[in-house]
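The structure under discussion appears below in the form of structure tokens.
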There are 2 protein chains.
Amino acid sequence: MRLSRKADYALRVLFTLVDQYGQGPVSMNALARANDVPKRFLEHIMLDLKSQGWVASSPGRKGGYELAQPPERITMGQVIRHFDGVMAPIGCVSVTRHEPCSQERHCRFRRVLLEVRNMTVQYLDNATLAWVAALAPVSTAEVFALELVGGDGI
Amino acid sequence: MRLSRKADYALRVLFTLVDQYGQGPVSMNALARANDVPKRFLEHIMLDLKSQGWVASSPGRKGGYELAQPPERITMGQVIRHFDGVMAPIGCVSVTRHEPCSQERHCRFRRVLLEVRNMTVQYLDNATLAWVAALAPVSTAEVFALELVGGDGI
DNA sequence: CGAATCTCGACTGGCCTGATCGGGATTTTC
DNA sequence: GAAAATCCCGATCAGGCCAGTCGAGATTCG
């Protein structure tokens, strides 16, 4: 799964809304500035978020956006899926956008990709905004700590 | 991580070469036909695979390709990384193609993406061709068995 | 009123993917 | 030897998607 910029921006904004939950609306200007998102681009994202019932808007002079649901009820999986469409690494192991493949009968690495999909989906669909908001930020060192992962590079 | 067509094709071919390991070269024509890959496109892929030392070619009338290493020494992670460049779901948690982000200090969902990266990388870098080749093909039912995963859709 | 806000649709430029093509070099088989 | 099949390599290209911009309208607060 590759996160699009749009999904990235959406998540950034959602977490600042989590922080302000219950304290009235936050203007799009403030959201754009705080999260380093192009304002005109953010407009579309907020409309998307609204259409999904995740945020509510108040128009007018002191308007803005606020979370429309408690942060426990929104998951990162939902958000990413809405903006990026698929989480599966390839069409043949996707449900929402399944693509048939001529090799299905004897393809063996498909099982591996299915496993990757399952791990990813399970993790992201259990990651509620409330849970994630309580996590500590990641240090750069952790990103580069490959030995712990056992990989060759990333 | 999203698998490109190129990586997909490369893996298909590699597994038929695994099956024929030690039995002489397989012609590109046969590889293309057996795996449903456009022949002219496959040419480039095979050159890539050769440049990495994963396959060897013999020219001439009865030429073709064969695995240049035992299937235990090549992993899906290596192959995917070579063709697709990144496995990380976003630049800020990538090592080979790291991109700085203005939100690093206080971003919290970055930890989640890091975790996803770690799971993916660990799994794929441990999946040798030999191991994967021994797996049973996936049934369509398994792909759609969402309850087992706990996700909303994929 | 007027300033600041959200809303909406149209548009665009650039990059990446997934190929295709022509032509050349090499080797094996007959 | 000659022919056939193969591998090798660079150039090119169409289409689609992504990220972002723009103009203009509707709504509310002070």
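Not measured: the values here are computed from a predicted model. Throughout, protein chains are lettered first and strands after them, A, B, ... in sequence-line order, and every chain is numbered starting at 1.
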Nearest-Å distance for atom pair CG/P, residues B:Leu42 and C:dT20 | 12 Å
State, to 0.1 Å, how close A:Arg73 and A:Gln78 come at their nearest heavy-atom pair, and which atoms those are.
-> O-OE1, 3.7 Å
Which is it for A:Arg117 and B:Val143 under the side-chain contact (heavy atoms from CB on, under 4.5 Å) test, yes or no, and what are the steps along the way?
-> CA-CA 10 Å; A:Arg117 178 204 80 169; B:Val143 174; 3.9 Å; yes
Round to the nearest Å and state the distance from B:Asp48 atom CG to C:dA19 atom C1'.
-> 14 Å
From SG (B:Cys101) to CD (B:Glu99), nearest 0.5 Å = 9.5 Å
What closest approach, in Å, do A:Arg2 and A:Asp84 show between heavy atoms, and which atom pair accounts for it?
-> O-OD2, 3.4 Å
Within the sub-3.5 Å range, which N or O atoms of nucleotides 22-24 of chain C have a protein N or O partner, and how far apart are they?
| residue | atom | partner | partner atom | Å |
| --- | --- | --- | --- | --- |
| C:dG22 | N7 | B:Arg40 | NH2 | 2.7 |
| C:dG22 | O6 | B:Arg40 | NH2 | 2.3 |

Atom CZ of B:Phe41 and atom P of D:dC13: how far apart are they, to the nearest Å?
-> 18 Å
So does A:Tyr65 get a side-chain nitrogen or oxygen closer than 4.0 Å to the phosphate oxygens (OP1/OP2) of C:dT7?
-> yes
Identify, between B:Asp84 and A:Ser57, the residue whose nearest nucleotide on DNA chain C lies closer to the 5' end.
-> A:Ser57
What does A:Lys50 touch in the nucleic acid at a heavy-atom separation under 4.0 angstrom: a base, only the sugar-phosphate, or nothing?
-> sugar-phosphate
When you check the phosphate oxygens OP1 and OP2 of C:dT5, does a side-chain N or O of A:Asn29 lie under 4.0 Å from one of them?
-> yes
Listed nucleotide nearest any side-chain atom of A:His44, set C:dT29, D:dT6, C:dG9 = C:dG9
May I ask you to evaluate whether A:Tyr9 reaches the phosphate of D:dA19, defined as a side-chain N or O under 4.0 Å from OP1 or OP2?
-> no
Is any side-chain heavy atom of B:Val93 closer than 4.5 Å to a side-chain heavy atom of B:Asn118?
-> no
Would you indicate what B:Phe83 reaches in the nucleic acid, counting non-hydrogen atoms under 4.0 angstrom: base, sugar-phosphate, or nothing?
-> nothing
How about A:His106 and B:Phe15: are their ring centroids closer than 6.0 Å?
-> no
How long is the line joining CG of A:Leu49 and P of C:dC8, in whole Å?
-> 14 Å
Between P of C:dA19 and CG of B:Asp8, the distance in whole Å | 10 Å
Which nucleotide in the list D:dA19, C:dC8, D:dC8 gets nearest to the side chain of A:Leu47?
-> C:dC8
Atom CG of A:Leu17 and atom P of C:dC6: how far apart are they, to the nearest Å?
-> 11 Å
When the nearest nucleotide of DNA chain D is assigned to A:Lys62 and to B:Met28 on a heavy-atom basis, which residue is associated with the more 5' position?
-> B:Met28
Atom-to-atom span, CZ of B:Arg5 to C1' of D:dC17 - whole angstrom | 16 Å
Spacing of B:Arg61 atom CZ relative to D:dT6 atom P, expressed in whole Å = 8 Å
Under 4.5 Å between any side-chain heavy atoms of B:Arg33 and B:Asn29, yes or no?
-> yes
